Amino acid sequence: MTAPAPQLPFERPDALDLAPLFARLREEGPITRVTTPAGDPAWLVTRYEEAREVLSDTRFSRLRPDSEGAPRISESALHTRPAPTPEEEDREHTRMRRMLAPAFSAPRMRRLGERIGQLAGSRLDAMEEERARDPERAVNLHDHLSFPLPVMVICELLGVPVADRGLLRGWSERIAALYGGADGAAAMAEFEAYVAGIAEEKRKQPGQDVISDILAVQAEDPSFTEGEMTRLAVGLLFAGHETTSARIDLGVLFLLSDTGRRDRFAADPETLARATVEEVLRMASPGGLGLTRYAREDVTVAGTTIARGEAVLVAINAANRDGRVFEEPDTFDPSRSPNAHLAFGHGGHYCIGNVLARTEMQVALTALFRRFPDLRLAVDARSLRDHDERLAGGLS
């Protein structure tokens, strides 16, 4: 009798470690059958080379086919929203890359570093003020820095009122919940209506922001539908802060989990930030699912045939700790070189916001440990857990 396929998300006792089952499955083979949080079958890719292969193969789609019986990943609104046809998906992706490349170019993102530094400084000022009011009381880093900083940056870039970040936080948490069901769908509808309202205002009074740029392109391109515009803007707002926020949290936790590591970084954060962030990106594994793909046709990966329409989950967290590629893969080593991790994916869908995320993380960690070189945890690190029941995770 065949044992049932293990169901995601896997149990993870420590927020800084890989779930043990990921490591076991990776050693047994590069691809295996699993059950999604929604209860449907899927393939799980856990090794580095095969992960790169799937992510760069255009025979895989990022979106669930809009057909009866297509495997469900979870109840998250991001997994259940109606999908475009493969042709529409390709057209939207090509348009998005072409349209957003200038806005998210490496030189522009680096120039943005000064502004990110100002925003980080304002958040740390508030953090210091709270500590001064009650020196014995612990300060919540997520609420003061890890969450608001990426939200403030993406809001400014897109031209969304920063004062609405509380609304964005509520919608994001509901939309990303793996078991959100109807509440997640309602949150997505509210989020889309909000973005549509912002867009309508910017049609009347454009600004120097990305949503205004998107609307200018739409005005010249009759094939660029309202639905495509809304999906793009919602995706940018959501992706522009969720995973970065979780990775800032985990980066701080990695540094604070070893006093010597913290002291070395705090002594010269400007020099060490870039390499440290790359190692955080490799080792931090917020969320417990990975990147989703669907086979557009029958595809063979590592001797396993993935049938047309089947779902594949690329476990970036497991691939980034594959000992075939990374020496001592479970050791946090900021001096690691090369460090060709897959935190931002690979191939044609490589995250267009990668430089922004890297810049935010470098600025956040540098500013934090420059201001508070003796920063320490107020609780036992082992009591913290990552919210694997949310797509992008997040510490609590």
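Being a predicted model, the structure only gives us computed values, none of them experimental.
With 3.5 Å as the limit, one finds no donor-acceptor pair spanning the side chains of S383 and D380. A side-chain donor from one of S61 and E89 sits under 3.5 Å from a side-chain acceptor of the other. Side-chain contact, T331 with R336: no donor N or O sits under 3.5 Å from an acceptor N or O. Side chains of S74 and H79: a donor-acceptor N/O pair is present below 3.5 angstrom, by distance only.
Summarising the geometry of L145 relative to A364, their closest heavy-atom pair is CD2-O, 4.3 Å, with the distance given to 0.1 Å. A pairwise comparison of heavy atoms in L18 and A23 identifies CD2-N, 4.0 Å as the closest pair. Residue A284 comes nearest to L250 through the heavy atom pair CB-CD1, 3.8 Å, listed as atom of the first residue, atom of the second, then distance. Shown here for Y48 and D322, the closest heavy-atom pair between the two residues is N-OD2, 3.0 Å. In terms of heavy-atom proximity, R97 sits nearest to Y350 at NH1-O, 2.6 Å. In terms of heavy-atom proximity, E389 sits nearest to Y179 at CB-CE1, 4.2 Å.
Exactly one of P329, S335, S337 qualifies for a side chain to side chain contact (heavy atoms under 4.5 Å, CB included) with D333. That residue is S335. Of the candidates E278, E279, R282, H341 forms a side-chain hydrogen bond (donor to acceptor under 3.5 Å, both in side chains) with just one, namely E278.
Rounded to the nearest 0.5 Å, atoms CD1 (I175) and CZ (F238) are 6.5 Å apart. Atoms CZ and CD1, from R296 and I306 in turn, are 14.5 Å apart once rounded to the nearest 0.5 Å. With values rounded to the nearest 0.5 angstrom, R203 atom CZ is found 5.0 Å from L215 atom CG. One finds the CG atom of L289 at 9.5 Å from the CG atom of L44 (value rounded to the nearest 0.5 Å). With rounding to the nearest 0.5 angstrom, the CD atom of E28 is 8.0 Å from the CG atom of L21. Atom CG of L157 is separated from atom CG of L112 by 5.5 Å, given to the nearest 0.5 angstrom.
The pair R385-D14 does not meet the salt-bridge criterion, since no charged nitrogen lies less than 4.0 angstrom from a carboxylate oxygen. Using a 4.0 Å cut-off between a side-chain N of Lys or Arg and a carboxylate O of Asp or Glu, R174 and D183 qualify as a salt bridge. E310 and R33 are joined by a salt bridge, as a carboxylate oxygen and a charged side-chain nitrogen come within less than 4.0 angstrom of each other. Note on R12 versus D386: salt bridge recorded, some NZ/NE/NH1/NH2 to OD/OE distance being below 4.0 Å. Under a 4.0 Å N-O distance rule, the pair E27/R324 qualifies as a salt bridge. Taking the charged nitrogens against the carboxylate oxygens, D298 and R59 have no contact shorter than 4.0 Å, which rules out a salt bridge.
V160 is not listed as a side-chain neighbour of I154, based on a closest heavy-atom distance of 4.5 Å or more. Here the side chains of D164 and L167 are in contact, with some heavy-atom distance below 4.5 Å.
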| said: Working note: T304 + W43, criterion side-chain contact (heavy atoms from CB on, under 4.5 Å); need CA distance, chi angles, decisive distance, verdict. | reply: CA-CA 10 Å; T304 297; W43 295 103; 3.6 Å; yes
| said: R390 vs L178, test: side-chain contact (heavy atoms from CB on, under 4.5 Å). Steps then yes/no. | reply: CA-CA 5 Å; R390 295 205 301 255; L178 299 185; 5.9 Å; no
| request: Take T271 and D268, measure what side-chain hydrogen bond (donor to acceptor under 3.5 Å, both in side chains) needs, and give me the verdict at the end. | output: CA-CA 6 Å; T271 300; D268 191 7; 2.8 Å; yes
| Does the side-chain hydrogen bond (donor to acceptor under 3.5 Å, both in side chains) test come out yes or no for N354 and R358, once each step is laid out? | CA-CA 6 Å; N354 75 90; R358 284 178 159 111; 2.8 Å; yes
| Step-by-step side-chain contact (heavy atoms from CB on, under 4.5 Å) determination, F332 to L16 | CA-CA 10 Å; F332 186 85; L16 296 184; over 6 Å; no
| request: Give the C-alpha distance, both sets of side-chain angles, the deciding distance and a yes or no for salt bridge (Lys or Arg N to Asp or Glu O under 4.0 Å) between R95 and D221. | output: CA-CA 11 Å; R95 178 190 284 123; D221 183 356; 3.1 Å; yes
| request: May I have the step-by-step check of side-chain contact (heavy atoms from CB on, under 4.5 Å) for R72 and T80, ending in yes or no? | output: CA-CA 8 Å; R72 300 163 303 152; T80 57; over 6 Å; no
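A cation-pi arrangement is absent between R262 and F372, since the terminal nitrogen or guanidinium carbon is not both under 6.0 Å from the aromatic centre and inside a 45° cone about the axis. The cationic group of R261 does not satisfy the cation-pi geometry with F254, failing either the under 6.0 Å distance to the six-membered ring centre or the 45° limit from the ring axis. Stacking of R169 on the aromatic ring of F147 is recorded, both the 6.0 Å distance cut-off and the 45° axial limit being met.
Without hydrogens or angle criteria, Y294 side chain to P71 main chain gives a donor-acceptor distance under 3.5 Å. Checking side-chain atoms of R98 against main-chain N and O of A101 turns up no donor-acceptor pair under 3.5 Å. Under a 3.5 Å cut-off, the side chain of R62 and the backbone N or O of T292 do not form any donor-acceptor pair. Put simply, the side chain of N140 gets close to the backbone of D143: a donor and an acceptor are under 3.5 Å apart. Judged purely by atom type and a 3.5 angstrom limit, S122 uses its side chain to pair as donor or acceptor with the backbone of L119. A donor-acceptor pair is defined here as one N or O able to donate and one able to accept, closer than 3.5 Å; no such pair exists between the side chain of D388 and the backbone of P9. Of the possible donor and acceptor atoms, one in the side chain of S56 sits under 3.5 Å from a partner among the backbone N and O of E53. Looking only at distances, a side-chain donor or acceptor of E228 sits under 3.5 Å from a matching main-chain atom of T225. No donor-acceptor distance shorter than 3.5 angstrom exists from the side chain of E360 to the backbone of T244, with no hydrogens or angles considered. For T35 (side chain) and G39 (main-chain N/O), no donor-acceptor pair under 3.5 Å exists by modelled atom type.
The ring pair (Phe, Tyr, Trp, His ring centres under 6.0 Å) test applied to F22 returns F10, not counting sequence neighbours. With sequence neighbours left out, the side chain to side chain contact (heavy atoms under 4.5 Å, CB included) criterion links A239 to no other residue.
L63 belongs to no multi-residue hydrophobic cluster, having no ILVMFWY side-chain contact under 4.5 Å with any other such residue.
Taking a 6.0 Å sphere around CD of E11, one finds it holds 12 or fewer heavy atoms contributed by other residues, nucleotides or ligands. Annotation: E297, atom CD; neighbour count of heavy atoms from other residues, nucleotides and ligands within 6.0 Å is above 12.
Relative ring orientation between H93 and H349 is described as tilted, the plane-to-plane angle lying within the 30° to 60° band.
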